[in-house]
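Only one structure is covered here, and it is reproduced in the block below.
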Amino acid sequence: MGKRILVIDDEESVRDAFVLALEETLYEVDTAASGTEGLEKALGWHPDLIFLDLRMPGMDGVEVLRRLHQCCRSIPVYIVTAFYQEYLKPLRQVVDEGIPFQLAKKPLSGEDIREVARGVLEGPHATPIDAPG
């Protein structure tokens, strides 16, 4: 079974871009359109990596990150946002709370997405695991 990636983002086009970027890899990909849905899927599906947006209606990504840390702290979280500056103070608080995460600025290219996934899931000396074309 391939490793699992969950993409939590309220924008359908962003979720679709991640799915498209990862469709030819051996990773299983699922998406969630809200923080609440993302938490439910993380608990039930047990992904190996989560890509998380920060700016979402309802529960924002910072709160999702905190809740993920409470229930699923072994899952690496990679925050992908265009609003880094807006969330600087809450992200510093999360760091002070000892909650680990990585951060990237949107937009990410398909290759950037694959590189992050490989780096997190396969380690620094990973070989590409793209499915044969």
Side-chain angles (χ1 to χ4, degrees):
M1 179 190 313
K3 296 201 176 181
R4 297 174 170 183
I5 298 173
L6 177 61
V7 179
I8 306 172
D9 198 299
D10 62 313
E11 292 185 41
E12 184 176 8
S13 62
V14 172
R15 295 191 308 273
D16 290 347
F18 274 83
V19 169
L20 184 63
L22 296 165
E23 73 181 354
E24 298 205 9
T25 68
L26 297 178
Y27 302 127
E28 294 179 54
V29 181
D30 198 2
T31 63
S34 70
T36 302
E37 181 185 5
L39 285 170
E40 290 171 4
K41 286 191 175 187
L43 285 167
W45 193 54
H46 307 288
D48 299 291
L49 169 62
I50 295 175
F51 284 105
L52 175 63
D53 185 27
L54 286 178
R55 187 186 232 183
M56 296 184 289
M59 187 185 317
D60 72 13
V62 173
E63 182 60 25
V64 173
L65 182 62
R66 283 188 172 108
R67 291 185 187 198
L68 284 168
H69 184 69
Q70 291 172 353
C71 69
C72 314
R73 68 176 62 203
S74 66
I75 301 172
V77 176
Y78 216 102
I79 294 173
V80 183
T81 185
F83 302 100
Y84 171 74
Q85 292 297 328
E86 182 178 322
Y87 284 89
L88 194 55
K89 186 176 179 181
L91 287 174
R92 283 191 178 144
Q93 290 172 338
V94 167
V95 169
D96 290 345
E97 293 167 24
I99 300 173
F101 64 92
Q102 296 293 319
L103 182 69
K105 291 183 182 179
K106 284 180 183 174
L108 293 178
S109 70
E111 184 55 32
D112 292 337
I113 293 167
R114 290 186 292 277
E115 283 183 27
V116 167
R118 281 193 295 264
V120 172
L121 297 174
E122 308 302 329
H125 303 291
T127 55
I129 64 162
D130 291 342

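Not measured: the values here are computed from a predicted model. Hydrogens, waters and symmetry mates play no part in the numbers below; they use all other heavy atoms, side chains included.
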Applying side-chain contact (heavy atoms from CB on, under 4.5 Å), name anything that partners [X], two or more places apart in sequence or on another chain.
{"X": "Lys106", "answer": "Asp9, Val14, Asp53, Val80, Ala82"}
{"X": "Asp30", "answer": "Leu6, Lys41, Trp45"}
{"X": "Glu86", "answer": "Arg55, Phe83"}
{"X": "Pro76", "answer": "Leu49, Val120"}

Taking a hydrophobic cluster as the set of Ile, Leu, Val, Met, Phe, Trp and Tyr residues connected by side-chain heavy atoms closer than 4.5 Å, whether directly or through intermediates, do [X] and [Y] fall within one such cluster?
{"X": "Ile8", "Y": "Leu108", "value": "no"}
{"X": "Val77", "Y": "Val95", "value": "yes"}
{"X": "Tyr84", "Y": "Val116", "value": "no"}
{"X": "Leu65", "Y": "Leu39", "value": "yes"}
{"X": "Leu103", "Y": "Val94", "value": "yes"}

With sequence neighbours excluded, residues passing salt bridge (Lys or Arg N to Asp or Glu O under 4.0 Å) with Arg66: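 Partners of Arg66 under the salt bridge (Lys or Arg N to Asp or Glu O under 4.0 Å) test: Glu97.
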Heavy-atom check, side chain of Val62 versus side chain of Leu54, under 4.5 Å: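 In short, these two side chains touch, coming nearer than 4.5 Å.
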Side chains of Pro47 and Lys3 in contact at under 4.5 Å (non-hydrogen atoms): no
[atom1]-[atom2] distance between [X] and [Y], expressed to the nearest 0.5 angstrom:
{"X": "Leu91", "Y": "Asp96", "atom1": "CG", "atom2": "CG", "result": "11.0 Å"}
{"X": "His69", "Y": "Ile75", "atom1": "NE2", "atom2": "CD1", "result": "12.5 Å"}
{"X": "Leu52", "Y": "Ile79", "atom1": "CG", "atom2": "CD1", "result": "5.5 Å"}
{"X": "Cys72", "Y": "His46", "atom1": "SG", "atom2": "NE2", "result": "7.5 Å"}
{"X": "Arg67", "Y": "Met59", "atom1": "CZ", "atom2": "CE", "result": "4.0 Å"}

Pair Arg114 + Glu111: basic N to acidic O under 4.0 Å: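 Salt bridge flag = yes for Glu111 with Arg114.
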Main-chain N/O of Val19 paired with Glu23 side-chain donor or acceptor, under 3.5 Å: no
Asp112 (side chain) donor-acceptor with Ser109 (main chain) under 3.5 angstrom: yes
Who are the side chain to side chain donor-acceptor pair (under 3.5 Å) partners of [X], not counting sequence neighbours?
{"X": "Ser13", "result": "none"}
{"X": "Asp16", "result": "none"}
{"X": "Arg15", "result": "none"}

Passing candidate, side chain to side chain contact (heavy atoms under 4.5 Å, CB included) with Ile5, options Phe18, Phe51, Tyr78: Phe51
Partners meeting ring-ring contact (aromatic ring centres under 6.0 Å, His included) with Tyr87 (sequence neighbours left out): none
For Met56 against Val64, the heavy-atom pair lying closest together: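 So the two residues come closest at CE-CG2, 4.2 Å.
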Ring pair (Phe, Tyr, Trp, His ring centres under 6.0 Å) contacts touching residues 91-114 (sequence neighbours left out): none
Step-by-step side chain to side chain contact (heavy atoms under 4.5 Å, CB included) determination, Asp10 to Ser34: CA-CA 5 Å; Asp10 62 313; Ser34 70; over 6 Å; no
